[in-house]
Structures are given as structure tokens and as C-alpha cells.
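The next block holds one structure in the form of C-alpha cells; read it before the comments.
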Amino acid sequence: MAEAIVSGVFERLTSFSLQVAENGVRLVVGVNEELKKIGTTLCTIRAVLADAEKRQVKEQAVKLWLDRLQNVAYDIEDLLDGWSTVVIRSKIEESQSSFRLSSLQPFANSIPRLVRRRGIATKIKELSESLQVIAKEKDDFAFIVNLIRNDDIEPERPKTTCFVDASEIRGRDQDKNSIISMLLSENGQERGVPIISIVGMGGIGKTTLAQIVYNDREVNAYFQKKLWVCVSDPFDEMRIAKAILEALTGIPSGLGELNTVLEKIHESIVGKKFLLVLDDVWTEDERKWQSLKCCLKSGAPPGSKILVTTRKENVATVMGCTRLFHLGKLSEEECWSLFSQVAFSGWNHRARQILADIGKKIADKCNGLPLAAKTLGGLLRFKKSREQWQRILDSNMWELDEAETGLFSPLLLSYYDLPAPLRQCFSYCAIFPKGYKIEKDLLIKLWMAQGFLGDGNGMEIVGEEYFDNLAMRSFFQEFETDENDDGIIRCKMHDIVHDFAQLLRKRECYVVASNVILDNEQAVIPSLLYNAKKLRSLLVDSCPSNSSTLNASLPRLFDQVTCLRMLDLSNNRYRKQTSITELPCQIGELIHLRYVSLEGNKGLKELPMTLWDLCNLQTLNIRLCSSIQSSKFIPEGLINLRHLQNAETYGCTSKAFGLKRSILLQTLEEFVVEPFGYLLAWDGEQILKESEMHRSNLCDLGTFALLRGNLKIIGLGDVSRRDAEEAGLWKKTGLRNLTLSFNSMYKGMRVLEGAYAHESSVLEALQPPLYLESLDINRMNGPTAFPSWMVSLTMLKRVRLWACFNWKTLPPMWKLPVLEHLEIWEMKNVKEVGQEFMGAETEKGQASSSSSSSVNNNIAFPSLKHLKFQSMDDWQEWNYGHLLTTMPLLCSLKINSCLKLKSLPRHLLQKTTLQVLDIFDCPILTERYSRNGTGEDWHYISHIPTITIDGEDVKREGN
């Protein structure tokens, strides 16, 4: 990591010099010379770091030297960053003269003395001297000088660009059959629920084997309920119990008492044969397991089983294991098969033959560990020469003598093969708890906050590339993709890989356990943390804490940890009673902050004005801070803000965040329109007239040309077409999901008749970019609207229309060429759905309205797969339409709470593509389509594989 840190400081030094020159900043005599000297010394040191980092594994003296170098490099970076902040703030001060007295005075107090003009000269000289000493010491180690930077050498990529499928199993068929046999056996002499434990070392494949068994057909048929819980360390009884209950009921539990949760579990499993998998159990404290065990034992019918995976046999004994299964290593042949599958992915037969002999020797050194085989295979996949493979085989990394050496050795090889920037990105993942689902987007933001991705406009793109590179090398696993399966959104790290990351990364980040007990009182912040002045990342889960104790601790903490780049004070369980209620003004002293998360702190009522002094801030996450109120005056100091995650901050209009200068903004989850209209008194009531409407802040959206991802605009009922046009949504080509909510911010008002006639023109002016994939339109009060631009959205796959109470007909959605998901809710005045929605023909057999040239006009809804109607109070008739073909790909139809609907179109029901029919709270339909011959139209739906009526699966004869 030292190599990446030194390189980053060198680049920062260069950019700082340019910043000083561009802004005409005058430095104290001698400072410029010292800065040049530091740059030269860093270049000299950087040339030996590749060798030093490899040698530190076995040479303690080298490791200590690197630690000292890293500390000085951090101090230099902090100094430069602090001085750069002064320059930025001075520019803001010049452009906001009215803002100077109210805000800059607190900021001046927050700047450390060392960055003031006289203090900086002394500090720079001290750091330069320290660096000179370290540079001289390097000669004592006789390091190998490497003038070619590792991060400039890209690994050779295969022609295919897909990820390696490292989950394909080798050599576990017999193990799988043995476990399944244990699960399906019924021994009447066994009392309680049999517990089967898979025991083996880290990386041996315990979880993988459990997953194979869990998804086996025989197992699926045998058990009525299957539950999977990742336990990990620590063993949290409440979390595990809630996870079991949620798996049983399908509903997240809001219960606060363990006993109540256990009672609900007991009620849910009575009479149901279940399989419960407890993956990755570590605790050897029998008391933590006892309550849950008794609950499961008392309610379980014969045949129920519990399957446990653990590294420790003692854990299996403590849990009352009835059958123990020791999972062994792969054979040499099986290990070679797995290794070669990953390493030779995308290679031709000739290339495989050339390196097969060396590959088998490397696979033998994996010692039968599947994770080691996958990791090394991912490393060698991009190396095509025999010399490169031989160098890996001959590496002395195999000689490490540590716990689980057989795994850390190949991980070290893969780690040192990474370019320097990727090494620090990987090791930073140690900040997450073991078994944690890492959100890709969050991880990239944290890398960015630490300066790992440079400082250009394309940091997020660089982060995507770094993530993909680490994923291809098997550092991540268990990927979760988005709904379209075209992008990873979450992943995990294997436990051993996580252990390895923690071994690499110390002191730079600290995760606070909120339940640390000190001096017989619950201490939210351990005392040792107040002395961690160089700390750069701090994550405090405010959820389990006493809010008053945490609120009291934060001011003192902020006074000490002034080097922070990342601060996470989120309340992950979103409980108002335990959330932070006040963010201290001392947060303005943390001038290096790039990332701040306050997510879920529902008790937080306002943000301190000093927060806007953080001109380096890149990401502010205040999701679900629903009590925050708008301030009367907000300075526009967040000029480097790139991501504002503000979903469900109900009390704040978008003006409250002072974003006019935040031209780099890419993420803005919600934009709440703030209207400026005349309110006139008429017959004692307030009325808003369209003709008297003034400008709204919607036009401010035009400032943010870089917006991408998701955007929700609230309050469109109060805007004019002019404002909508100036928002320029069509220019924001990075937007993928858009919600347009036409509710009015003037709640409770009576509006003149016809006042909503402008809504159609506003919707027309809000034309989104062509690449939009999802669109949600709701709360329109005018007549049915269908903007002309909708048919041009050739990437639009999902549409939801809801709560447009005055619509009497539905728009012609049949025209959309690639629409796959359509939901229509709460259209309370729609009585008939007919050809305007389903598609109509002219006498010549062509579609009655023009549509996209790429669409066959004789096909309505050509790509639709999922259709849902809900809460259509007056809907009675559904006519099929007149096009030759309608919904040829439909596979799911859901009708909920449509009380007056008489029947469903037979042409739709008879489609062979239809796999799911769900009818709920529709009394006429329930009677019409009930089974066993009592429903007159049962025979029209009897062929559909999955039928659910009023929440119950309909069983056919013989099933």
C-alpha cells in the first residue's frame, strides 16, 4: 500500500503546485523549494517500493521502515489538502461577500494552525527533513530499483470480457450425496431437531456445499420450508431470530423483544417440516444458542433438520450436533480441474497445452483448497508467457509460516500482482464486517473519498474498472445483479479473503462497536479512539446506542479525529428512538471529509450550518432522515459535491441544500419543487390560478448536466411549462430511472376548475433522455396524458402509472416497443380498459396511430412480460383490443383489489407463455375462476402453471 500512497502524494503535490500558480497564492520564502525537494525525494523512494512491499512479509525491519514512510506521506497529504482547502474557501468568500460574516468566521477557526501561511513553512520543512531521513535509510536495505511502475502495466485480457464463473463445483458429488442422505433420513429415535454440522478449514468449500444441497431437487420436495441464515461473528440472537422469522413469513419483522420473535417463529413452524441452514457459525457460547434451539425444537414436526457450517468442531459440539461431517480437501485431479477451469477461461487448446505442466505444479501447491485454486487461477488467467507462470511457481511466498498459510500464500501472490492503486482499494474492504453484503456503488464512493481514484471528473468510471478488475481476479464473490442482470450491485468477500484484507490494513480505519463496556457504563466511543488522530475512516452504527450518550460524545470526538476522509454515522435499523438527534457544529472542523453518511437518523431535525464549510465533500447521504427541516438560509459551499443521497427527506425542498454551485453533481435522488405562486383569497378559501403562477426552482435542475442514475421530482403540480423546459431532462443522458410526481405542495387547497389543464404540457416539456429504462408517473390531476416522446424511448423497459384520479381512460401504452414491466395503480375513475390501451386497427389492418418505425404496428405490447393492475375501484370491463397480436411474451398477470372487474380477456388467459396468474381481493373474478368446476371460466386458466387466488396457491387434481 505504501507504493500507492506515495504515488498519490506525489500526484497531489503536483496538482497543489498548479493550484497555487493558478490562484496567485503567495507562499512564504523557502516553501516552494522545500516542496520541490519533497517531490524529488518521493520519486527516489517510489522506485524501490515494489521490492520493499514484497520483502516486508518476512523482514520486520522493512515493514517498520514502510510504516514510517506511510505516516510521513499521510502527514504531507493532510498538509497539502488543508492548504488547498484554504485556497478553495477564499475563492468562495470572494464570490459570496454577503456570506462572509455569517459562515467564514467559524470556518477560519476550523483550519488547523499548520496550514496558515507562517505555520505551513515550518511544518513543510519538518516533513521534508523526516522524508530525507527515510530516504537515506532505504540504502541500508539494498532494495531492487524498479523504474517501471506496476500500475502502468495492464494485464493481458482474454477476448471474452465476461466474469469467470468460479462457483462451478469440482469433486463434491460424493460429499453432496452424503449430506442429502443425512437430511432426508428419518430416525424415529432421535429427539428434537437433528443438527448436522459441516466442519472444515476456511476456504475448503463448506458454504458452497451447503448451497448445493440447499438447492437440490430432492431437498426442495422433502421440506415444506427452507431457511438460510448467515450467522458469522458475533452471534446476534435477535438478528438471527428476525432473519428466520422473515424467511418464514416473507415480511420484515419490526418486533423489539427476542421472546416475541421466538413465539412468532414457533407459531410459523408448527406442523411444517423445515430445513434451517446456519452458515458460518463461530460462537462457542452455548447460552447464545439455547433459546433459539428450544424454540425450534418445540415446534418442529418429525423430519425437520438444521444444517450448520463452521470451521471449529467445538462449535458443532456446543450446538448439540447429532451428525458431524468433516469436509476434506479436493484431490489433486479435482483441484487441477477447478484451477484450470478458471485459469484457462477463454484460452485455445494450444495455449493450454503449453502451460499445462507448470499449471499442474501450481495447482498442487494450492493444497486442495478450492478458494486457493480459484484465486490463483484468476491471477494466472491474464498471464500468457511460460516465464510469468514459472515465476509464480518459484515464488518464496509459498514459504510463509502463518495461520492458514496454504491460503494466504496464493492471496499474497494475487495481491502483489495487482497494480498499486488496486492494492489499496482491495485492502480497504477490510472496513466492512465479515459476511457483509458490499454495495458496489458505496464501495466506489469510499474509494473516491480516500483519494484512491485520483481527482478527475471520471473517478466513478475508474472505480467501476477497479471493481471489475478485482472481481475478475476472484477477490469478490456471491454477486447480486440488478433486475435486468446487466450490472453487479452487491457482492461479498470470502471470510479468508476478508481476513487477508484485515491483515494488510491496520490503523487506517476503525469500526466502532457501540456496545463496548468501559468503567461499568456503556461507552459509545471507546476512549482509545480519541487518541487516533490520524484516523481516516470512521464507521459508528448509531442504532444500538443510547442517543443522548452518542450525541454527547460526538463534539469531543470531532475535535480529535481531524484527518477523517470518511464518516459514517448511519442508523442502519432506522429506529428514531436511538438515532442521532443533533449533529454538532464541530463537524466543520473535519475539513478533509469527502464522505458523510447520516442515513436513517430519523430523529435528526437539522443540519448545522458548518456542514456547508466542507468544500471537499463529495458524497452526503441523508436518506431516511425524515425529520430534517429546511433552513432559511443555506450557503452554497459544497462546490465539490458529486452525490446527494436524499431519498425520503420529506421536510426539505431541494433549495435547502444550496446546490447552485454544485455543478459536479451526479446523484440527486429526490428534487422537491418549491413553487412561488400567488395565493388569493376567494370566498374565504385559498386558490392558486395557473395564470398567476410564478417561477419555481425546477429550472435549477438545468444546472446539473451530469446527473445520472435515479431521479425523483416531487411537486410538479405547481410548475409551468417554461420551468419544465429549462430543467433540460433530455440533456441528462446518464439518467436511467425517472419518477415524475405531480402532487401539489399546496396541500389542502381548493383549486379552480381547469387549473390542472397545464399538466399535459408540463409532462410534454419534461422529455427524458433516450436511454431511460424506467419511468414512474403519478398524481396527475388533469385528463389522461400520453406525451409524444414516450414512443421514442427505445430503452424503456419499466413503467408505473398510479394515482391519476381524474383519468377516465388509460394511455396507449401498447405502442412502447421494448416495455417489459407495466404497473397501473389507483386509477379510480377508469371504468373500461379497451382498444385505446390494448391496441386498435384501422379498416386496412394497420395501427390507428403512428408509432416508432422499429415496431411492428400489428403487435401491441410486443415485449411485455409482466402486467399488474391494482386498486382500480370502478374498473368493470376489460376489452381485448383489435390488433392481430397482443402481448405475445406475457408471462405474469396480477390483478389486485379491482372489486368491480367482471372478467379477464380470454385471449390473454389462453396464451401458452402465461406462467403466473395472481388474483387478490377481486370478488367477482374469484368466483368466476374458482376451481373444481364451480367457476364458470376455470377451464380458461387451468393450464397456467402457477395460479394464486386471494393469497392461496390453487392446487390441481392429482397434486
Side-chain angles (χ1 to χ4, degrees), residues 167-223 225-233 235 240 273-284 286 289 292-293 296-297 300 302-335 337-338 366-374 404 406-407 435 478 494-496:
S167 63
E168 193 165 332
I169 313 306
R170 293 290 184 274
R172 294 302 188 196
D173 290 343
Q174 185 174 346
D175 299 321
K176 169 189 169 183
N177 294 334
S178 298
I179 297 294
I180 291 176
S181 177
M182 295 180 190
L183 292 176
L184 302 186
S185 65
E186 295 189 6
N187 187 346
Q189 297 180 349
E190 288 182 325
R191 300 180 62 183
V193 183
I195 301 175
I196 302 163
S197 294
I198 303 175
V199 180
M201 68 178 297
I204 200 69
K206 300 181 295 297
T207 299
T208 301
L209 177 59
Q211 290 170 335
I212 301 169
V213 169
Y214 186 84
N215 293 295
D216 182 79
R217 291 183 181 179
E218 289 185 81
V219 172
N220 287 335
Y222 183 79
F223 294 99
K225 284 287 184 179
K226 295 193 307 171
L227 320 166
W228 182 287
V229 178
C230 179
V231 178
S232 198
D233 193 30
F235 190 103
I240 295 167
K273 190 187 302 182
F274 69 82
L275 168 64
L276 170 62
V277 176
L278 298 175
D279 184 47
D280 194 27
V281 182
W282 286 79
T283 184
E284 297 183 36
E286 185 178 6
W289 160 243
L292 183 57
K293 181 180 178 181
L296 296 169
K297 180 179 178 180
S304 297
K305 301 288 193 310
I306 298 174
L307 181 63
V308 175
T309 71
T310 181
R311 296 188 195 182
K312 304 178 182 179
E313 190 167 335
N314 285 346
V315 172
T317 303
V318 164
M319 296 191 73
C321 170
T322 54
R323 297 188 185 184
L324 192 65
F325 184 85
H326 285 283
L327 185 59
K329 300 176 181 178
L330 298 176
S331 67
E332 290 183 1
E333 293 77 16
E334 292 162 347
C335 193
S337 175
L338 179 57
C366 291
N367 201 21
L369 293 174
L371 181 60
K374 294 175 188 176
E404 311 219 55
L407 193 57
E478 295 188 39
H494 191 281
D495 287 354
I496 295 299

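Here, residue 1 is the first one in the sequence, and each next residue gets the next number. Note that the coordinates shown come from a computational prediction; the quantities given were computed from them, not determined experimentally.
- Nearest heavy atom pair, residue V277 against residue A210, reads CG1-CB, 4.4 Å.
- Within the structure, ring pair (Phe, Tyr, Trp, His ring centres under 6.0 Å) contacts touching residues 194-221 (residues at least two apart or in different chains) are Y214-W228.
- When all heavy atoms of F223 and L183 are compared, the pair lying nearest together is CZ-O, 3.7 Å.
- A search for salt bridge (charged side-chain N to carboxylate O under 4.0 Å, His left out) contacts involving E313 returns nothing, not counting sequence neighbours.
- Here the side chain of K305 pairs a donor or acceptor atom with the backbone of S185 at under 3.5 angstrom.
- Taken to the nearest 0.5 Å, the CG atom of L327 stands 8.0 Å off from the CD1 atom of I179.
- Residues passing the side-chain hydrogen bond (donor to acceptor under 3.5 Å, both in side chains) test with S337 are R170, sequence neighbours excluded.
- Shown here for L330 and P370, the closest heavy-atom pair between the two residues is CD1-CG, 3.9 Å.
- Residues passing the side-chain hydrogen bond (donor to acceptor under 3.5 Å, both in side chains) test with K293: none are found, sequence neighbours excluded.
- To the nearest 0.5 Å, the span separating CG on N177 from CD1 on I212 amounts to 10.5 Å.
- Note that SG of C366 is 9.5 Å distant from CG of L371, once rounded to the nearest 0.5 Å.
- Checking R311, H326, K329 one by one against I204, the side chain to side chain contact (heavy atoms under 4.5 Å, CB included) holds for a single residue, K329.
- For the pair F274/L296, a side-chain contact is recorded, criterion being any heavy-atom separation below 4.5 Å from C-beta on.
- Residues satisfying the side chain to side chain contact (heavy atoms under 4.5 Å, CB included) criterion with E218, sequence neighbours excluded, are L184, D216.
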task = Apply side-chain contact (heavy atoms from CB on, under 4.5 Å) to the pair M319 and V281, showing each step before the final yes or no.
result = CA-CA 10 Å; M319 296 191 73; V281 182; 3.7 Å; yes
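- Considering CG of L307 and NZ of K206, their distance stands at 12.0 Å, rounded to 0.5 Å.
- Every side chain to side chain contact (heavy atoms under 4.5 Å, CB included) that E333 has, sequence neighbours left out, goes to S331.
- The two residues I306 and W289 have their closest heavy-atom pair at CD1-CH2, 4.1 Å.
- Between F325 and L209 there is a side-chain heavy-atom pair separated by less than 4.5 Å.
- One finds the NZ atom of K225 at 13.0 Å from the CG atom of L276 (value rounded to the nearest 0.5 Å).
- Looking at residues two or more places apart in sequence or on another chain, you find no salt bridge (charged side-chain N to carboxylate O under 4.0 Å, His left out) involving K226.
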key: Chi angles and distances behind the side-chain contact (heavy atoms from CB on, under 4.5 Å) call for H494, K374   = CA-CA 12 Å; H494 191 281; K374 294 175 188 176; over 6 Å; no
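- Within the 3.5 Å criterion, the main-chain N or O of Q174 finds a donor-acceptor partner in the side chain of S178.
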Please tabulate, one pair per line, all N/O donor-acceptor pairs under 3.5 Å involving side-chain atoms of residues 192-201, not counting sequence neighbours.
none

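- Partners of K312 by side chain to side chain contact (heavy atoms under 4.5 Å, CB included), not counting sequence neighbours, listed by chain and number: W282, E284, T310, V315.
- Interatomic distance, F235 CZ to T283 OG1, rounded to the nearest 0.5 Å: 6.5 Å.
- For T207, the side-chain hydrogen bond (donor to acceptor under 3.5 Å, both in side chains) partners at least two apart in sequence or on another chain are D279.
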